[in-house]
Every structure is written in C-alpha cells, then in structure tokens.
Number of protein chains: 2
Amino acid sequence: MSCDRALREKGYRLTPQRMLVIEALHNANGHISAEEIYEQLHARYSYSNISTVYRTLELMKKLNLVTETDFSEGRVRYHVAEKGRHHHLVCRTCGRIIDLDESIINPLKDTLLQDYDFEADLRHLAISGECHDCYKEG
Amino acid sequence: MSCDRALREKGYRLTPQRMLVIEALHNANGHISAEEIYEQLHARYSYSNISTVYRTLELMKKLNLVTETDFSEGRVRYHVAEKGRHHHLVCRTCGRIIDLDESIINPLKDTLLQDYDFEADLRHLAISGECHDCYKEG
DNA sequence: AGGGTTATTGCAACAAGTTGCACTCATTCA
DNA sequence: TGAATGAGTGCAACTTGTTGCAATAACCCT
C-alpha cells in the first residue's frame, strides 16, 4: 500500500529519489539492504547519492513504514512494515534462519508495559543463538 | 574474577594488550566503549592499535566473558559478563534508561527453547521504546 | 503559470568497525 | 638453550553508516 500517501499526509515531500526507494522496498520480496536499494535508485536516476537512501530509510523508520533488522552480516536489512509482521531466529553457528510469528513477543511486551510502563518497540527482531542441531554438537 | 585465567585455560595467550583491555573492562563501573578502552590501553602502551581492542573484545564475547550492548548512540558498549546480569529499557524520546533484571527474559527464552528448539542468546539487551511519560505526550 | 519558502539532496569529510598481510614474539619441543 | 611454529599484533585500506553545508527543487500561494 501507499507509503507515498503516508509521506504526503505527514507533510513530507515526495521526490523522485524517495519514490524509487519506496518502489525498491516494495518490489524486494523479503529483506533488502541500503546498498541494494541504492543500486536500483542509481540505475534509474544517476544523480543520486546513497546518503539519500539512508536518510529516506531513517524517515520511513520514524513513520513506522519500514522495519530495520540486523542479521549480523555486517549490514542491516530493511522491510516494508506492513508486509509481514514476524521475527527471526538466527543460528550463530550454521546461519540457519527460523521465522517466527510476531505474537511470540507479546507476553514480553505486555510485561514491560504493565510492570514498567514502557511501550517497547520490538518489531522485526533477529534473535541470535544456536539451533537444535548445532547446540547438540557444541 | 579472572578473565585472564579463562583465556589461558582455553589456550589463548595473555599478552600485555589483552591484560590492559581486561583491566579497563573490570575497572569501568558500567558500560565502556571500545574507544575508551583503547585510550586506557594506549596511555600505558603506546605501540598499540584499536583493532587489537576490537579483536580482543570479539574473542571475549565468543568466550562469554563480556557482553556487547547497543544503546543506539552510534557506538556499542561492553560490560564484563559476570558483573551484573541485566537488561535496559531505553526511551527513544527522552533517553531515559530503566534497568531490568535478567529474569524478565526467561519466559521468552523458555518458549523459544521448547517450541523451536532454539537456544537464544539474550544477554544484556537494550530494548528501545517509549517510557510512560513520553508515551502519554506522543 | 510563476515566485518564494524551506525541505531535501549531493557532496565530501568523518566515525565506527573489519580485514588482509607481513612481522613479531610467546610457547613448544628437541 | 635455541629453533620452529603459529597465535597475536600493527598498519593501512576498506565498508557501512552519519553529518554539515551549500545548492536544488517540491510544494504552496497568488
């Protein structure tokens, strides 16, 4: 759906650069890096700069339009917020990734809200650890 | 207690650089950054390099001697693992930090282990969100 | 449609962290 | 004790991401 409109409605300008960043995010099926977004932007609009990509992503994070997730691969990845509310378990040994429904975090969120009056932002986590097979061997 | 001994026992060498990194970590009350560790190291041992600090911290993380925590301040901070098992709630609006006992995460850890056979590494988290006062205003 | 306002951009410099390589030196073993 | 081994280091180059600033251009208003 329309990230474009969300930006406009909040009073932000809809530049060609921003439109292309949004398009790249929507076309990516799954998680895309800033560098990959920039490649697509630059291919169609050569007077552009990766700092614009970072600034656009920063803005979209602030507006809850994208989530940022660190899979411990040296760069973070982005994902349209509404396209899938989920988390990941990342095995530090074999790299295997297990997907998780968002609801698994709800009890923790509820506890933090009730006991600490804290509204935790826990969308799209990548939780590091060890999967069953690797744990057995280690 | 003796990080020194832990390194030796695992067959790693105890160099002056490593000893000074360990000392800085132990003397710091609270969370210390790589840069701060390097300042202390360099003051006493001028032929040293910050990459050694990073490599030592990496090794100590692997051996569960230190934990690394990202307070969203542009650099991560380190902490001797045994000196306090806890987490932090960081308010993204006012920056306030609320400390949390380690046990708060246990139900989630248990769920991940039972339902997904996944041994989650959830030590020393900094959970971002909004505290009561800021949430009321937003 | 055209002009003014100011958000947004490109650029270049910067900061944190990582990596490959050649050299050093702690440890092992004869 | 002295040589061989390879873990550990310093250095320099690199990667990802951030920031200040001057120039640009999207949007609003007439």
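Chain letters run A, B, ... following the sequence lines, proteins first and then strands; every chain starts at 1. Please read these numbers as outputs of a predicted model, since none were measured by experiment.
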- Would you mind classifying the nucleic acid contact of Arg55(A) as base, sugar-phosphate or nothing, using non-hydrogen atoms under 4.0 angstrom? base

- Using a heavy-atom cut-off of under 4.0 Å over every strand shown, decide if Glu58(B) touches base, sugar-phosphate, or nothing. nothing

- Presence of salt bridge, Glu23(A) and Arg44(A), under 4.0 angstrom: yes

- Query: For Asn49(A) and dT24(D), what is the distance between atoms CG and P respectively, to the nearest whole Å?
  - Reply: 15 Å

- What integer distance in Å separates Tyr12(B):OH from dG6(D):C1'? 14 Å

- Task: Indicate, with a heavy-atom threshold strictly under 4.0 Å, whether Pro16(B) touches base, sugar-phosphate, or nothing.
- Result: nothing

- State the CG-NZ distance between Leu59(B) and Lys10(B), to the nearest 0.5 angstrom. 10.5 Å

- Note on the structure: Exactly one of Lys61(B), His79(B), His31(B) clears side-chain contact (heavy atoms from CB on, under 4.5 Å) with Thr67(B), and that residue is His79(B)

- Salt-bridge criterion met for Glu119(A) and Lys109(A) (N-O under 4.0 Å): no

- Message: At 4.0 Å (heavy atoms only), tell me whether Ser51(B) reaches a base, stays on the sugar-phosphate, or touches nothing.
- Response: base

- Task: Please check if the distance between the ring centroids of His132(B) and Phe118(A) is under 6.0 Å.
- Result: no

- Between Arg8(B) and Tyr54(B), the residue closer to the 5' end of DNA chain C by nearest nucleotide is Tyr54(B)

- Message: Using a 4.0 Å heavy-atom cut-off, does Arg13(B) contact any base of the nucleic acid, only the sugar-phosphate backbone, or nothing at all?
- Response: base

- Query: To the nearest Å, how far apart are Glu35(A) CD and dT18(D) P?
  - Reply: 14 Å

- Rounded interatomic separation in angstrom, taking CG from Leu59(B) and C1' from dT9(D): 14 Å

- Item | side chain to side chain donor-acceptor pair (under 3.5 Å) partner of His124(A), chosen from Arg77(A), His87(A), His88(A) | His88(A)

- Note on the structure: Ranking Ala34(B) and Thr56(A) by the position along DNA chain C of their nearest nucleotide, the one closer to 5' is Thr56(A)

- Note on the structure: Leu57(A) CG to dT19(D) P, in whole Å, measures 15 Å

- Task: Round to the nearest Å and state the distance from Tyr47(B) atom OH to dC11(D) atom P.
- Result: 8 Å

- Just how far, in rounded Å, is P of dT16(D) from CD of Glu36(A)? 11 Å

- Message: Does Leu14(A) reach a base, just sugar-phosphate, or nothing at all? Heavy atoms under 4.0 Å.
- Response: sugar-phosphate

- Item | Outermost nucleotides of DNA chain C that come under 4.0 Å of a non-hydrogen atom of chain A | dT6(C) to dC11(C)

- Note on the structure: Rounded to whole Å, the CD-P distance (Glu68(A) to dT18(D)) equals 8 Å

- Message: Between Gln17(A) and dA26(D), is there a contact of a side-chain N or O with OP1 or OP2 at under 4.0 Å?
- Response: no

- Query: When you look at CZ of Arg92(B), are more than 12 heavy atoms from neighbouring residues, nucleotides or ligands closer to it than 6.0 Å?
  - Reply: yes

- Quick one: label Gly74(B) by what it contacts on the DNA or RNA (base, sugar-phosphate, nothing), any heavy atom closer than 4.0 Å. sugar-phosphate

- Verify side-chain contact (heavy atoms from CB on, under 4.5 Å) between Leu25(B) and Leu57(B), making sure each step is shown before the conclusion. CA-CA 10 Å; Leu25(B) 278 162; Leu57(B) 290 169; 3.9 Å; yes

